J.: 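Attaching a single structure in structure tokens format; questions to follow.
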Amino acid sequence: MASQHSMPVTTAARPRRNPLGRERFTLRGRPGTRDHAAFRGDRAAFHRRLELAAVLAGTAVLYLWNLGASGWANAFYSAAAQAGSQDWAAWFFGSSDAANAITVDKPPASLWIMGLSVRIFGLSSWSILVPQALMGVGSAWLVYLAVRRAATPATADVRLGHRAGLLAAAVLALTPVATLMFRFNNPDALLVLLMTAAAYGFLRAVQEDRPRWLLLAGVFLGFGFLAKQLQVLLVVPGFALAYMVAAPGGTRRRLIRLAAAGAAMVVSAGWWLLAVELTPANMRPYIGGSQNNSILELTLGYNGLGRLTGDETGSVGGGNGWGVPGLFRMFNSEFGGQIAWLLPSALILAAGLLWVGRRAPRTDVVRASVIIWGSWILVTGLVFSFMAGIIHPYYAVALAPGIAGMAGLGSVLLWQRRRQAAARIFLASAVAVASLTAFYLLGTTSAYGPWLRWLVLGGSLAAAAGIGLGKFLRLASMQRTTAALAIAASLAGPLAYSVTTAATAHSGAIVSAGPASGLGAGGRGPGGFSSTGRSPSGRGTGQGVTGQGPTGQGFQQQGSQQQAAPAGTNPGGANFGGRPGGGLGGLLGAPTPSADLVAALKDGATNYTWAAAVVGSNNAAGYQLATELPVMAVGGFNGTDPSPTLAQFQDLVAQGKIHYFIAGGAMPSSSGSDAAGRIAEWVSQNFSAQSIGGATIYLLAR
């Protein structure tokens, strides 16, 4: 094909023979020619693709390594995925069981992915957890793309833009709580992926002035709502502000396009809400987590404003049970080791970029990026810090993309401008603060010995000094050494925590990253329960009466001590505030039933709609995953939902639809329905108890 350029082609076709015997021609121009530059450019691009592939492959290894050790991880969601793989209605509504008694207390977007995976590949730890790991790899890739897109034009250097993106991807991958949650099956993995995709869409919309990217970002946010409801809205104000500040066009045009993006978000989330609300209650499962069988109540109450105020009907904690709110909550014993490593440094880098770019034009893409990532950190961090309702350490994963994007973009751009005094000061300060933060966090655990924290401190401070004196470091080798030292020292602590996290099995409803004795891994949950989600031996405990997973041994919580309980046991009969039949066992961990109990539940199961009923969703999940049969979760997650009522349960028993009732229940609550306790009391008074495999059961139908 003839060249379209007027310059004559100065290349020579050199035949080469490949191992297969076919002749291959390569065009290689003489040095200094356009074609030679193109050849070198293609080779550089190939090397950049290899580097990106290496980072993403490393992320995949970290997230997939020994993944099956966590068993069912959060059995609450694993059981719902199993149910969805058997029944399309259960899949659509997010039911806890295939007979559609009650839903989980979240929208089902993450369950849709897991349910399809289980339907295709069969029920296993891998079919449930691998999609989460792939979401983590996808999130790292999207952060890379977003940061590179802003850094490349700002530096006028493709290599620097690429390196900024790689650094951002590495920071996200090595954030301990990200390593945890992308190896787990909570909705947070999908939420982070969709929010990151939305950030990329907004940035492209700003940079390219293409409304389709803005609309696509709205769709991503809408589906983020279907992953974890109102939490996705925390990033929306910053995204909208970035577009209004930096997008091309007049104010009216920008407002109209933002309104269109908002409409796309509402439609992509609202269609499912509308479908649920318009479906008659007797044709769908009860909406778990609500007191009135309403998805709107769940959205605005238990999963909405109640999280901020602590007024959550049916909650077993709230207020002081979830820690004392305050400005420095993200650095305390629950959250620090999960997310705090580079959080203050990211804010310093954001301030530095705003200062050095203060005279940039309104449409500056770097300023837009700082608003996107910086507002993500500030708004989400402040809400998490001051919310008085239910909050767990793993929620902090929602901060990870903001910190990663800001760290990658700010570090490289300020490094390029290190000849400016302001850039050197901000960058050196960020590295020094990162070293002090890591020194503090590593000092809370003896898992790595004192040498690591001192090595990190020394290396980071040396790098900070080198950056501060960068004006005098003329040799390129010294500059490269300083940069490498700063990156290595800043990521050493998160790397250690992430490797420990990947090497540890996690299960239960509340899990934390890092070593068991480290910051963020040794806090206490409501009522004195440990929030580690790990046993002393590294096996999942689930924090309730028994552990979960295909082979996990259970642990019984007594006072402040964790004691091993025989697999398959589920102590019942405890009385909490006049609600008999409850044990601690199913709130945060699922039981692993004995072979005898599994055989009993399976015997004649086709004659019944539910093989068994038990108080609490996690209790039900353990039996359901072991048998792959529908098990009714009486009272939903906490046992405080009014589903079924005593009259409804009695009617189902009279119809012979429930085979067994298994003793054991959830923690007491000062609010919500007492229907579960009344059902347990009625069963114990009207049916004879028997013991199978250490569990107390009642035969309801023959």
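Treat the numbers as computed from the prediction; the structure is a model and nothing was measured.
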J.: Run the salt-bridge test on Arg159 and Glu51 with the 4.0 Å N-O cut-off and return the result as yes or no.
T.: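 Not counted as a salt bridge, because no side-chain N and carboxylate O are separated by less than 4.0 Å.
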
J.: Using only atom types and a distance under 3.5 Å, with no angle test, would you say the side chain of Arg183 pairs donor to acceptor with the backbone of Trp65?
T.: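 A pair under 3.5 Å: yes.
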
J.: Are the side chain of Arg367 and the backbone of Thr363 linked by a donor-acceptor contact shorter than 3.5 Å?
T.: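 Not at all, since once roles are kept as given, no pair shorter than 3.5 Å links the two residues.
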
J.: Could you check whether any side-chain N or O of Arg307 sits under 3.5 Å from a backbone N or O of Gly389, counting only pairs where one atom can act as donor and the other as acceptor?
T.: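 No: the side chain of Arg307 does not pair with the backbone of Gly389.
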
J.: Checking Thr444 side chain against Tyr440 main chain: does a donor-acceptor pair fall under 3.5 Å?
T.: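 Side chain of Thr444 to backbone of Tyr440: no pair is present.
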
J.: With rounding to the nearest 0.5 Å, note down the distance linking CG in Asn332 to CE in Met330.
T.: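 Asn332 atom CG to Met330 atom CE measures 7.0 Å (nearest 0.5 Å).
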
J.: Considering non-hydrogen atoms only, spot the tightest contact between Met181 and Asn186 and give its length.
T.: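 Of all heavy-atom pairs spanning Met181 and Asn186, the closest is CE-CB, 3.5 Å.
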
J.: About how many Å separate OG of Ser411 and CD1 of Ile487, when rounded to the nearest 0.5 Å?
T.: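 Atom-to-atom, Ile487:CD1 and Ser411:OG are 7.0 Å apart.
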
J.: For the pair Asn185 (side chain) and Asn74 (backbone), establish whether a donor and an acceptor sit closer than 3.5 Å, ignoring hydrogens and angles.
T.: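 Confirmed, Asn185 side chain pairs with Asn74 backbone.
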
J.: Would you call the rings of Tyr448 and Tyr497 parallel, tilted or perpendicular, taking 30° and 60° as the class edges?
T.: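 Tyr448 vs Tyr497 ring planes: tilted.
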
J.: Of the non-hydrogen atoms in Gly71 and Ser125, which two are nearest, and what is the gap between them?
T.: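 Taking every non-hydrogen atom into account, O-OG, 2.7 Å.
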
J.: Measuring from atom OG1 of Thr152 to atom CZ of Arg163, what distance do you get when rounded to the nearest 0.5 angstrom?
T.: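 These two atoms lie 11.5 Å from each other.
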
J.: Classify the angle between the aromatic ring planes of Phe202 and Tyr243 as parallel (below 30°), tilted (30 to 60°) or perpendicular (above 60°).
T.: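 Taking Tyr243 first and then Phe202, their aromatic rings stand perpendicular (interplane angle over 60°).
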
J.: Using side-chain hydrogen bond (donor to acceptor under 3.5 Å, both in side chains) as the criterion, point out the one residue from His392, Gln231, Lys228 that pairs with Asp188.
T.: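 Output: one option passes, namely Lys228.
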
J.: Ignoring hydrogens and angles, tell me if any N or O in the side chain of Arg149 forms a donor-acceptor pair with the backbone of Leu203 under 3.5 Å.
T.: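 Here the side-chain-to-backbone pair does not exist.
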
J.: May I ask you to decide if Ser435's main-chain N or O and Ser490's side chain share a donor-acceptor pair within less than 3.5 Å?
T.: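 No, Ser490 side chain to Ser435 backbone: no donor-acceptor pair under 3.5 Å.
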
J.: Is there a donor-acceptor pair closer than 3.5 Å between any side-chain N or O of Arg148 and the backbone N or O of Leu145?
T.: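 Answer holds: no.
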
J.: Please answer whether the main-chain N or O of Ser512 pairs with a side-chain N or O of Gln338 as donor and acceptor at a distance below 3.5 Å.
T.: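 Such a contact is absent between Gln338 side chain and Ser512 backbone.
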
J.: Rounded to the nearest 0.5 Å, how far apart are CD1 of Ile403 and CH2 of Trp376?
T.: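 It is 10.5 Å, given to the nearest 0.5 Å.
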
J.: What's the separation between atom CD1 in Ile425 and atom CG in Leu414, rounded to the nearest 0.5 Å?
T.: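 It is 11.5 Å, given to the nearest 0.5 Å.
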
J.: Calculate, to the nearest 0.5 Å, the distance between atoms CG and CD1 belonging to Leu378 and Ile371 respectively.
T.: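 Reported to 0.5 Å precision, the distance equals 11.5 Å.
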
J.: When you measure from the side chain of Thr380 to the backbone of Leu399, do you find a donor-acceptor pair of N or O atoms at a distance under 3.5 Å?
T.: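 Checked: no pair found.
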
J.: Check whether NZ of the Lys or CZ of the Arg Arg453 lies under 6.0 Å from the centre of the six-membered ring of Phe439 and within 45 degrees of that ring's axis.
T.: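 Yes, a cation-pi geometry holds between Arg453 and Phe439.
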
